[in-house]
There are 4 protein chains.
Amino acid sequence: MANTKHSRSAKGTASGSTRSQIEAAAIRLFAEKGVTETSIRDIGAAVDITEGALYRHFHSKDQLVRLLFERHYIAFAERLEALAATEHTAREKVAAMIRGFCAAHDEDPRLFRFLLFVQHGQLGKLAPGAPTPVDAVRAVVDAGIAAGEIPRQDPDLATALVFGVVLQPVQFSAYGRIAPEMTPLSGHLEAAAWAALTAV
Amino acid sequence: MANTKHSRSAKGTASGSTRSQIEAAAIRLFAEKGVTETSIRDIGAAVDITEGALYRHFHSKDQLVRLLFERHYIAFAERLEALAATEHTAREKVAAMIRGFCAAHDEDPRLFRFLLFVQHGQLGKLAPGAPTPVDAVRAVVDAGIAAGEIPRQDPDLATALVFGVVLQPVQFSAYGRIAPEMTPLSGHLEAAAWAALTAV
Amino acid sequence: MANTKHSRSAKGTASGSTRSQIEAAAIRLFAEKGVTETSIRDIGAAVDITEGALYRHFHSKDQLVRLLFERHYIAFAERLEALAATEHTAREKVAAMIRGFCAAHDEDPRLFRFLLFVQHGQLGKLAPGAPTPVDAVRAVVDAGIAAGEIPRQDPDLATALVFGVVLQPVQFSAYGRIAPEMTPLSGHLEAAAWAALTAV
Amino acid sequence: MANTKHSRSAKGTASGSTRSQIEAAAIRLFAEKGVTETSIRDIGAAVDITEGALYRHFHSKDQLVRLLFERHYIAFAERLEALAATEHTAREKVAAMIRGFCAAHDEDPRLFRFLLFVQHGQLGKLAPGAPTPVDAVRAVVDAGIAAGEIPRQDPDLATALVFGVVLQPVQFSAYGRIAPEMTPLSGHLEAAAWAALTAV
DNA sequence: GATGAATGAGAATTCATTCAT
DNA sequence: GATGAATGAATTCTCATTCAT
């Protein structure tokens, strides 16, 4: 009953099921090295199981990537939608979403970067109707323009501006050019995003 | 009349030296699929030569990547510096640089994406003193803050805002969410960037 | 009855673990063709596994070579030392070692040739303090000179003479110029070696 | 008409025809690294010509190896025969040949090692009647036994003893274990070889 | 659930050789 | 005679995946 051959507690923090350990390790490695650069073996090693054992939990590497991406991407989209629903003006909705971006980043920077930067070619594979963070922001922009709170402009471009204002600082923080936490910047980013949106 | 062994005209556009064809194909493929996802064989096939022949022109895949990145990255940085030098106020300098970003993108969108999105891994390998686009923008921001034209703020974060405003629309255009050309948007982006910079 | 995918009995003698079969095949091929001339694929084919499977057992070709060389080279050196320790006079020690050379050769001529002829390139990679056959013989020569049993001379040259007397016949046997077994010659070689050592 | 692009004087000592430079470089590289480990390109680089140009002088790498080996191997055999012919007793003949080995080594150690150590698999390809150094020594041994100067024994083994006494010190010198020159040792080696031959 | 050996398809790279210029 | 680009096969090594135990 004691530890067999490979103690599990060496690397993994022994927390959670093997499956969730695998998912956490995969996200971390995907974010750090990229999907292609991470091998099934790398993931197994991080959780102290062999490659073969991984296939007990996932059909393929591709399925693992898709699964992780979809689940968290959609969850993040819904989180943004919920945050926007809390507020009433476009300005407040945008601000709430930006705070949501910052919070999500600070809670799990690796997951955040996996979802928003890592080239996984999974975007095109999302179910057609699934909500995305881009949709969430765009819906707020659309409504804001319709309500006259935001000047008339290409809503997709406006959405890009909001994303740019929030995502580029994340990149800079990943490269160590600015501090690692986004939340302290959220006030500044809210103002910058709103200014960009209304600068036409 | 048919293709003979050495005819190069099948796929390659028969334009330029083999070497420059290789470089163009490599940039295109790197931008489209990523560096790791592009094999030497892929590049060779795009130029209609065998893998081995590539090594007549480049010592290794790594050298090819580094070469392409460094050459164009530094050239782009210098181009931005030169554009900024044309103007006198911070606002005009920022505007000129944004126009430069848009023009560079429209001239060769694949190269632009290779430099700005795909190859972050190469950033650390640049010669220490080499100028970068980030430096170019930051220098303008620094001067603008010193001159009181831009409100006092973290210059790195300010630089990130400018990059975000211009880079995220490029991402959206690559995904087909907005029109492929950046230049028509440059006026809008100039205004948005300046608004973001002065929103504190 | 026919070969199934995983049957190992076709070429390999089905004896021992895959790992030891690989080692045996590698030594045989290295001795017959040389290390560079033996490909990983050759070794795999001799054991009826694919190239990739070899890497489950060895990290690299280089590691395989080094491993085989070190293990057996040091073991042979220790064997010679032990044989010398059995005897009391220099003459008897030399004779015992030469018998050891002959016995080792006859037990596994391929291993013997791999160690003594093929892998000189590995000599420099041995751990600094590791015992070698050369050291073993030289120690006996040193002691013999010190004890006055062997005439004063360059001990390294004297060591070379012993090696030459025993190794060159091995070469000749490999080329079919003399009989394949060394043991029947050991008496003759003992006398010749001692004569060479004392001929100054 | 002056030096074009690649000056020839950089590495090659500009001595002799291109062809003889190639041969010298090939022998050197073969002796230093081995035949398989030396590429056509290596040889070309050593003489400052391109790979293609080499094929103007030799049909193939194999032919180059064969050519170099045969020519010098036979020449060395004839040299040994001539030396033996100078003397009248077996003892003097053996001594003269050993002096010949030492002289040949010291004149061109690389050539010597290429002929006598490097794995080139060329021995079997020699024309059947061609004289070899082994034949030269064996002939002297045969005659010596017939004349009663050397005790009755296997002449091939006796030949091996002579080779061993002279070749092993060359190996040791190549590894830096003894001084690089053989000629100073020839007296010692003569005595050792004769002692080994007559030790039965 | 997990192990560990194995497969088979690439990947990057090297190399002998050829050939148009 | 020489260049330099090209071929095509071979080499070492990696990797996603499978499967008997």
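Values below: all heavy atoms of this structure, side chains included; hydrogens, waters and symmetry mates excluded. Numbered from 1 within each chain, the chains take letters A, B, ... in sequence-line order.
Remark: C/Arg110 engages C/Glu32 in a salt bridge (Lys or Arg N to Asp or Glu O under 4.0 Å) (not counting sequence neighbours). Considering only residues two or more places apart in sequence or on other chains, A/Glu51 meets the salt bridge (Lys or Arg N to Asp or Glu O under 4.0 Å) condition with A/Arg41, C/Arg56. Every residue two or more places apart in sequence or in another chain was checked for a salt bridge (Lys or Arg N to Asp or Glu O under 4.0 Å) with A/Asp108, and none qualifies. Not counting sequence neighbours, the partners of B/Phe69 by the ring-ring contact (aromatic ring centres under 6.0 Å, His included) test are B/Tyr73. With sequence neighbours excluded, no residue forms a ring-ring contact (aromatic ring centres under 6.0 Å, His included) with C/Tyr175.
Following rounding to the nearest Å, A/Phe58 (CZ) and F/dT18 (P) show an atom-to-atom distance of 15 Å. One interatomic measurement links the two molecules: CD of A/Gln21 to P of E/dG1, which rounds to 12 Å at whole-angstrom precision. The separation between C/Leu54 atom CG and E/dG8 atom C1' is 15 Å, rounded to whole Å. Residue C/Leu64 contributes atom CG, which lies 15 Å from atom C1' of F/dT11 at whole-angstrom precision. Straight-line distance from the NZ atom of D/Lys61 to the P atom of E/dT14: 15 Å, rounded to whole Å. Atom CG in D/Asp48 sits roughly 15 Å away from atom C1' in F/dG1 (whole-Å rounding). The OH atom of B/Tyr55 sits 18 Å away from the P atom of F/dA10 (whole-angstrom rounding). Going from atom CG of C/Asp62 over to atom P of F/dT11 covers 17 Å, rounded to whole Å.
Two residues are said to be in side-chain contact when any heavy atoms from C-beta on lie closer than 4.5 Å; D/Lys61 and D/Val35 meet this criterion.
Nearest to the side chain of C/Glu51, among F/dA6, F/dT12, E/dA6, sits F/dT12. When each of F/dA2, E/dA16, F/dA6 is scored by its nearest atom to the side-chain atoms of D/Thr18, the top-ranked nucleotide is F/dA2.
The list of salt bridge (Lys or Arg N to Asp or Glu O under 4.0 Å) pairs with a residue in residues 62-74 of chain A, not counting sequence neighbours, reads A/Glu23-A/Arg71, A/Asp62-A/Arg66, A/Asp62-A/Lys125. Residue pairs meeting the ring-ring contact (aromatic ring centres under 6.0 Å, His included) criterion with at least one partner in residues 45-65 of chain A, sequence neighbours excluded, are absent.
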Problem set entry | Pair C/Phe76-C/Leu111, side-chain contact (heavy atoms from CB on, under 4.5 Å): steps then yes or no | CA-CA 11 Å; C/Phe76 181 49; C/Leu111 174 58; over 6 Å; no
For this session: With pairs defined as Watson-Crick or G-U wobble and both distances under 3.5 angstrom, please note down DNA chain E as a dot-bracket string, | for pairing with another strand.
Result: .||||||||||||||||||||
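A residue-by-residue look at B/Ser60 and D/Arg56 shows that B/Ser60 has its nearest nucleotide of DNA chain E further toward the 5' end. Closest-nucleotide positions on DNA chain F for D/Thr50 and C/His59 were compared, and the one nearer the 5' end corresponds to D/Thr50.
The stretch residues 23-42 of chain C touches DNA chain F through C/Thr38, C/Ser39, C/Ile40, each having a heavy atom under 4.0 angstrom from the strand.
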